[in-house]
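Numbers for residues simply follow the sequence, beginning at 1. For clarity, every value in this text was computed on a predicted model and none was experimentally measured.
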Amino acid sequence: MKTIAVMLASLGLASCVTAAVETAPDPGATPGESGVMLCNADAARSHIGQQATQTIGVAILRESGARTLRWGPPNAAWTMDYRQDRVNVRYDEAMMIAEITCG
């Protein structure tokens with residue numbers, strides 16, 4: 001019985017997780033003062049309105065110069081921690097990219 005309760009509780013938490021993709025930084029990107037690759041969302045905003053796919057996510061990472069990507073599903077809550085090396089991509093119910101920001 002305890003095993004079933006733990007499994008059910010973990011299923012509820014699984015819906016709160018967002019995917020993070022990490023790749024090697026673009027060799028042309030400029031690191032910040034701390035050596036961390038800085039995100040430039042403006043360079044990737046041409047993808048707004050496109051379908052949210054893994055291929056587009058890789059392109060957004062490369063173009064933004066960010067080290068990590070955080071997908072934001074519709075109606076999902078996000079933590080407010082700021083990371084200068086992360087690009088955030090929000091998409092709507094149709095899986096279309098609605099917003100690209102850094103942080």
Side-chain angles (χ1 to χ4, degrees):
M1 188 66 159
K2 288 183 181 179
T3 304
I4 293 172
V6 170
M7 288 174 47
L8 290 175
S10 65
L11 286 175
L13 292 175
S15 65
C16 298
V17 177
T18 59
V21 178
E22 293 200 31
T23 62
D26 179 359
T30 306
E33 292 178 19
S34 64
V36 174
M37 302 309 292
L38 298 179
C39 172
N40 176 8
D42 291 336
R45 288 204 173 108
S46 63
H47 296 287
I48 293 175
Q50 295 181 0
Q51 192 77 27
T53 65
Q54 182 177 1
T55 303
I56 294 297
V58 170
I60 290 170
L61 265 174
R62 183 181 60 250
E63 293 170 18
S64 69
R67 193 173 131 231
T68 59
L69 181 145
R70 176 169 62 165
W71 290 105
N75 305 312
W78 279 11
T79 60
M80 296 301 294
D81 63 315
Y82 181 83
R83 292 186 39 194
Q84 62 185 358
D85 66 337
R86 178 174 61 199
V87 63
N88 303 306
V89 181
R90 286 193 183 266
Y91 57 90
D92 62 19
E93 291 82 5
M95 296 293 293
M96 300 302 284
I97 296 173
E99 182 182 30
I100 299 174
T101 61
C102 292

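Residues Asn88 and Glu99 are not in side-chain contact: their nearest non-hydrogen atoms beyond the backbone lie 4.5 Å or more apart. You'll find the side chain of Gln51 reaches within 4.5 Å of the side chain of Met96, heavy atoms only. Contact annotation: the side chain of Arg83 never approaches that of Arg70 to less than 4.5 Å [non-hydrogen atoms, C-beta and beyond].
Smallest separation of non-hydrogen atoms from Trp78 and Gly72: CZ2-CA, 3.0 Å. Contact detail for Gly57 and Trp71: the closest heavy-atom pair is CA-CZ2, 3.7 Å. When all heavy atoms of Val87 and Ala66 are compared, the closest pair comes out as N-CB, 3.7 Å.
Here the CD1-CZ distance, from Ile48 to Arg90, works out to 12.5 Å after rounding to the nearest 0.5 Å. One finds the CG atom of Asp92 at 10.0 Å from the CD1 atom of Ile97 (value rounded to the nearest 0.5 Å).
Remark: the backbone N or O of Leu69 is not paired with any side-chain donor or acceptor of Arg86 at under 3.5 angstrom.
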If you apply the rule side chain to side chain contact (heavy atoms under 4.5 Å, CB included), what do you find for Glu93 with Asn75, and how did you get there? CA-CA 9 Å; Glu93 291 82 5; Asn75 305 312; 3.6 Å; yes
